[in-house]
Amino acid sequence: MAIVIIRTLILYLAIVVSMRVMGKRQLGELAPAELVVAVLMSDLAAHPLQDLGTPLIYGLVPVLTLLCCEILISGAILKFARLRTLICGQPGMIIKNGRIIQREMRKSRYTLDELAERLRKKDITDIGAVRYAILETDGTVSAFPYPEELPLTPRQMGIDVSAPGFPVPVICDGRVIDKNLKTLGRDRSWLGKRLAARGVKDARDVFLFSADGVGNEFFQRKEFPPK
Amino acid sequence: MKKELFAAILLAALFFGALVNIRVLDSLGESITAIVDDAERAARSHDLDGAAQAAEDATRLWESRSGYTHLVLRHSVIEDVSDKLGDLAKAAYAGNPGETVGAAKAARSRIESMASIERVRAGSIF
C-alpha cells in the first residue's frame with residue numbers, strides 16, 4: 001500500500017511537471033494540476049473495476065492520495081503566489097499594441113494558426129484589429145481590440161435602455177418551484193392569477209413559466225398534459 | 001484551511017495505514033516462514049509426518065488471515081502462496097524428503113517476496 005501511495009505521488013508530480021513543461025497550448029481550460037488529477041483518477045479507478053483480482057483498495061488509495069495532493073496544492077497556491085507561478089505558469093502577452101510578440105509565441109509554443117483560430121472563436125477575423133492579446137494560464141486567449149473596432153454600446157449612442165430583471169423559472173414541467181417564487185417576492189396566489197390570465201387552471205398543465213420580477217414573463221403550455 | 005488540514009491528516013493516515021500494513025504482512029510472513037522452516041527441518045530429519053503437520057499449520061495460519069490478505073494483496077499473490085503451501089503438504093504426504101525440502105524453500109521464497117514487495121525500497125517503487 002505504501003508503494004501504491006509513493007508511486008501515485010511520483011506519477012502525480014511527474015505528470016504535473018510534464019504538463020507544465022509542455023506549456024499552455026496543451027491545456028484545455030483546466031489548470032495543469034487539475035488536468036493531471038482528471039487524467040490519473042479515471043485510469044486509476046478503472047483498474048480494480050476491470051481486474052477483479054485486484055483489491056479495491058489499490059484503486060481507492062491512489063485516488064485518495066491524489067485528492068489530498070490536489071487539495072494541498074490548491075491550498076498552497078492560494079497562500080504562496082510563487083508556487084502558483086511555478087505550477088500554473090503566468091499569463092503571457094502575445095499581442096502588445098497591435099504587435100505580435102514572437103518571443104512569447106515561441107516560448108509558449110503557440111503558432112499563428114492557433115492564435116488566428118482562438119481569435120476567430122472570439123469573432124475577430126483580423127489580427128490587426130487586436131490591440132492586446134493575452135495567453136492565459138489555462139490556455140485560453142483573452143483579446144482586446146482597438147477602441148475603434150469595438151461594437152457601439154447604448155451609452156455611447158445615448159440610448160436609454162431599461163435593465164431587465166433576472167428571470168427565474170417558477171414552474172418547470174408542471175412543478176411549482178416555491179423557492180423561486182419567494183426569490184421574486186411572490187406567492188402561489190399571484191401565480192394562480194398569472195396562470196388564470198393565460199387560461200390555465202392547473203400548474204401541472206404548464207411546461208415552463210419564468211418571471212424576472214419586473215414584469216417580463218415567459219410562458220409555455222405543456223403539449224401533452226397528463227390525464 | 002480546514003480542507004487542507006483534512007487532506008494533510010488523510011494523507012498522513014494513509015501513510016500510517018500503509019506502515020501498519022507492512023508490519024502486519026511482515027509479522028504474518030515471519031510466522032508462516034518459521035513454520036515452513038520447521039517443516040523443512042522435519043523433512044531433513046526424515047520426519048515427514050512432522051513436516052506434513054507443519055505444512056498444515058502454515059496453511060491454516062495463512063487461511064485464517066484471508067479476510068485481511070484479500071483486502072490488501074492481489075488475489076493472484078494470495079493464490080500463489082496457498083499453492084506453494086499446498087505443494088509443501090503434498091510433498092510431505094507423498095513421503096519424499098527431497099521434494100519436501102524443495103517445496104519448503106519455494107514456499108519460503110514466495111512468502112518472503114510477498115512481504116518484501118510491500119516494503120518501501122527503491123526496487124519496489126520503481
Side-chain angles (χ1 to χ4, degrees), chain A residues 1-18 31 33-34 36-38 40-41 43-84 87-88, chain B residues 1-30 62-84 110-126:
Chain A
M1 224 155 54
I3 303 301
V4 175
I5 298 173
I6 293 169
R7 287 171 76 120
T8 308
L9 290 174
I10 291 172
L11 273 176
Y12 176 80
L13 289 174
I15 302 177
V16 167
V17 170
S18 310
E34 291 166 346
V36 169
V37 170
L40 277 181
M41 270 201 185
D43 195 46
L44 288 168
H47 275 293
L49 292 179
Q50 288 167 343
D51 179 10
L52 292 179
T54 304
L56 204 56
I57 209 162
Y58 279 59
L60 286 176
V61 167
V63 167
L64 286 176
T65 307
L66 282 178
L67 177 75
C68 294
C69 285
E70 177 56 20
I71 293 174
L72 288 173
I73 287 193
S74 56
I77 281 172
L78 279 178
K79 205 162 183 180
F80 306 107
R82 275 192 181 177
L83 187 67
R84 176 174 163 70
I87 290 180
C88 301
Chain B
M1 202 58 205
K2 266 185 189 172
K3 258 189 183 179
E4 286 79 11
L5 190 64
F6 170 77
I9 291 170
L10 180 60
L11 197 57
L14 285 172
F15 265 114
F16 180 73
L19 293 178
V20 169
N21 178 52
I22 292 170
R23 188 76 204 91
V24 169
L25 287 180
D26 264 350
S27 161
L28 178 62
E30 280 166 15
W62 175 245
E63 283 172 357
S64 71
R65 303 292 178 86
S66 68
Y68 182 77
T69 53
H70 275 81
L71 275 181
V72 298
L73 292 175
R74 286 180 199 280
H75 296 180
S76 56
V77 173
I78 298 169
E79 281 160 19
D80 210 16
V81 173
S82 299
D83 286 348
K84 291 284 185 284
R110 189 65 192 94
I111 293 159
E112 280 169 358
S113 120
M114 175 271 297
S116 74
I117 206 158
E118 284 291 322
R119 281 183 213 131
V120 181
R121 287 182 311 195
S124 306
I125 293 169
F126 295 99

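Just so we're on the same page: letters track the sequence lines, and every chain starts at 1.
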- Query: Passes side-chain contact (heavy atoms from CB on, under 4.5 Å), A/Leu66 versus A/Val63? Steps please.
  - Reply: CA-CA 5 Å; A/Leu66 282 178; A/Val63 167; 5.7 Å; no

- Task: Against chain B, work out which of A/Leu72, A/Ile57, A/Leu64 has the most heavy-atom pairs shorter than 4.5 Å and name it.
- Result: A/Leu72

- Item | Flag, side chain of A/Tyr58 to backbone of B/Val72, donor-acceptor distance under 3.5 Å | yes

- Task: Starting from the C-alpha separation in whole Å, work towards a yes-or-no answer on side-chain contact (heavy atoms from CB on, under 4.5 Å) for B/Met114 and B/Asp80.
- Result: CA-CA 10 Å; B/Met114 175 271 297; B/Asp80 210 16; over 6 Å; no

- Note on the structure: Residues of residues 76-83 of chain A with a heavy atom under 4.5 Å from any heavy atom of chain B, in residue-number order, are none

- Message: Does any backbone or side-chain atom of B/Leu10 lie under 4.5 Å from a heavy atom of chain A? Answer side chain, backbone, both or neither.
- Response: both

- Message: Please check: side-chain N/O of B/Ser27 versus main-chain N/O of B/Arg23, any donor-acceptor pairing under 3.5 Å?
- Response: no

- Task: Could you have a look at B/Leu25, B/Leu14, B/Asn21 and say which one has the most heavy-atom pairs with chain A under 4.5 angstrom?
- Result: B/Leu14

- Message: Please give me the minimum heavy-atom distance between B/Ile78 and B/Trp62, naming the atom from each residue.
- Response: O-NE1, 3.6 Å

- Message: Restricting to non-hydrogen atoms, name the atom on B/Glu4 and the atom on A/Gly75 that form the minimum distance, rounded to 0.1 Å.
- Response: OE2-CA, 3.1 Å

- Message: side-chain contact (heavy atoms from CB on, under 4.5 Å), that's the test. Do B/Leu28 and B/Ile111 meet it? Break it down for me.
- Response: CA-CA 9 Å; B/Leu28 178 62; B/Ile111 293 159; over 6 Å; no

